[in-house]
**Q** 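Have a look at this one before I ask anything.
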Amino acid sequence: MLSSTSSIVQLARAPFKRAQRGLFGGKHIQFGNNVPFSKTKTRRTWLPNVQTKRLFSETLNDWIRLNMTTSVIRTVDKKGGLDRYLLETRPDLLGDKGVELRGKIVEALKVKQAKKAMSNFVQMQEKNSSTLSTATTTSSSQTGAAL
């Protein structure tokens, strides 16, 4: 009997199809009863409050349209944007769409970091070459003055 109860709980907590296409923050369908004055209970479900939002990703430099619960909208606002929310939230709360977006953001951050490192390297090379050329001209002018 215990195994069947645990399988029912697992089914109730499994991400439902719609949650895989948006950011639901771990929200699930909830089950319960309508209980009127006559006390005849009838089963019902409560769905998460899902809204369609367009959020700007600073890393991807693009607008992204997402289905998200109102609690996730508040959390994104609290964290300071979609990118920070996706990077700081556990993958099991993100769902399929969130994990996919996180992968895109991480990849874009790696590319930006590589470009920044390359530009820093080029600047260091230019600085070193200009320092060497000025040192060479000053040393040659000093040897010419000594002769």
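Note that the numbering runs from 1 along the sequence shown for the chain.
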**Q** So do the side chains of Leu66 and Leu82 get within less than 4.5 Å of each other, counting heavy atoms only?
**A** yes
**Q** Between Leu60 and Ala108, what is the shortest heavy-atom contact and its length?
**A** CD2-CB, 3.9 Å
**Q** Tell me every residue that passes side-chain hydrogen bond (donor to acceptor under 3.5 Å, both in side chains) with Asn67, counting only those two or more places apart in sequence or in another chain.
**A**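 For Asn67 the side-chain hydrogen bond (donor to acceptor under 3.5 Å, both in side chains) partners, ignoring immediate neighbours, are Thr52.
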**Q** Hey, what do you get for NZ (Lys79) to OG1 (Thr75), rounding to the nearest 0.5 Å?
**A**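 The NZ atom of Lys79 sits 7.5 Å away from the OG1 atom of Thr75.
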**Q** Please round to the nearest 0.5 Å and tell me the distance separating atom CG of Leu86 and atom CG of Leu101.
**A** 5.5 Å
**Q** Can you list every salt bridge (Lys or Arg N to Asp or Glu O under 4.0 Å) pair that touches residues 99-123, not counting sequence neighbours?
**A**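 Found Glu100-Lys104.
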**Q** How would you list, by chain and number, every residue that makes a side-chain hydrogen bond (donor to acceptor under 3.5 Å, both in side chains) with Asp92, sequence neighbours excluded?
**A**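 Asp92: side-chain hydrogen bond (donor to acceptor under 3.5 Å, both in side chains) contacts with Arg90.
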**Q** Does any non-hydrogen side-chain atom of Phe56 lie less than 4.5 Å from one of Asn61?
**A** yes
**Q** What is the distance from atom CD of Gln123 to atom CG of Asn128, rounded to the nearest 0.5 Å?
**A**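 Reported to 0.5 Å precision, the distance equals 12.0 Å.
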**Q** Is it the case that atom CD in Gln113 sees more than 12 heavy atoms from other parts of the structure closer than 6.0 Å?
**A** no
**Q** Please determine whether residues Val99 and Leu55 belong to a single hydrophobic cluster, defined as Ile, Leu, Val, Met, Phe, Trp and Tyr linked transitively by side-chain heavy-atom distances below 4.5 Å.
**A** yes
**Q** Which residues pass the ring pair (Phe, Tyr, Trp, His ring centres under 6.0 Å) test with Trp46, sequence neighbours left out?
**A** none
**Q** Applying salt bridge (Lys or Arg N to Asp or Glu O under 4.0 Å), name anything that partners Arg74, two or more places apart in sequence or on another chain.
**A** none
**Q** Rounded to the nearest 0.5 Å, how far apart are CD1 of Ile64 and CD1 of Ile105?
**A** 6.0 Å
**Q** Are Val106 and Leu93 connected in the hydrophobic side-chain network, where two residues link if heavy atoms are under 4.5 Å apart?
**A**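 Each belongs to a different hydrophobic cluster.
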**Q** Let me confirm one number: the CG-CG distance from Asp83 to Leu87, rounded to the nearest 0.5 Å.
**A**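 Those atoms lie 6.5 Å apart.
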**Q** Rounded to the nearest 0.5 Å, what separation is found between the OG1 atom of Thr59 and the CG atom of Leu109?
**A** 4.5 Å
**Q** For Pro48 and Thr69, which heavy atoms make the closest approach, and how far apart are they?
**A**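 In terms of heavy atoms, the two residues are closest at CB-CG2, 3.9 Å.
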**Q** Please list all pairs passing the salt bridge (Lys or Arg N to Asp or Glu O under 4.0 Å) test where one or both residues lie in residues 39-63, with sequence neighbours left out.
**A**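 Pairs touching residues 39-63 that pass the test: none.
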**Q** What are the two closest non-hydrogen atoms of Thr89 and Tyr85, and how far apart are they?
**A**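 Heavy atoms of Thr89 and Tyr85 come nearest at OG1-O, 2.5 Å.
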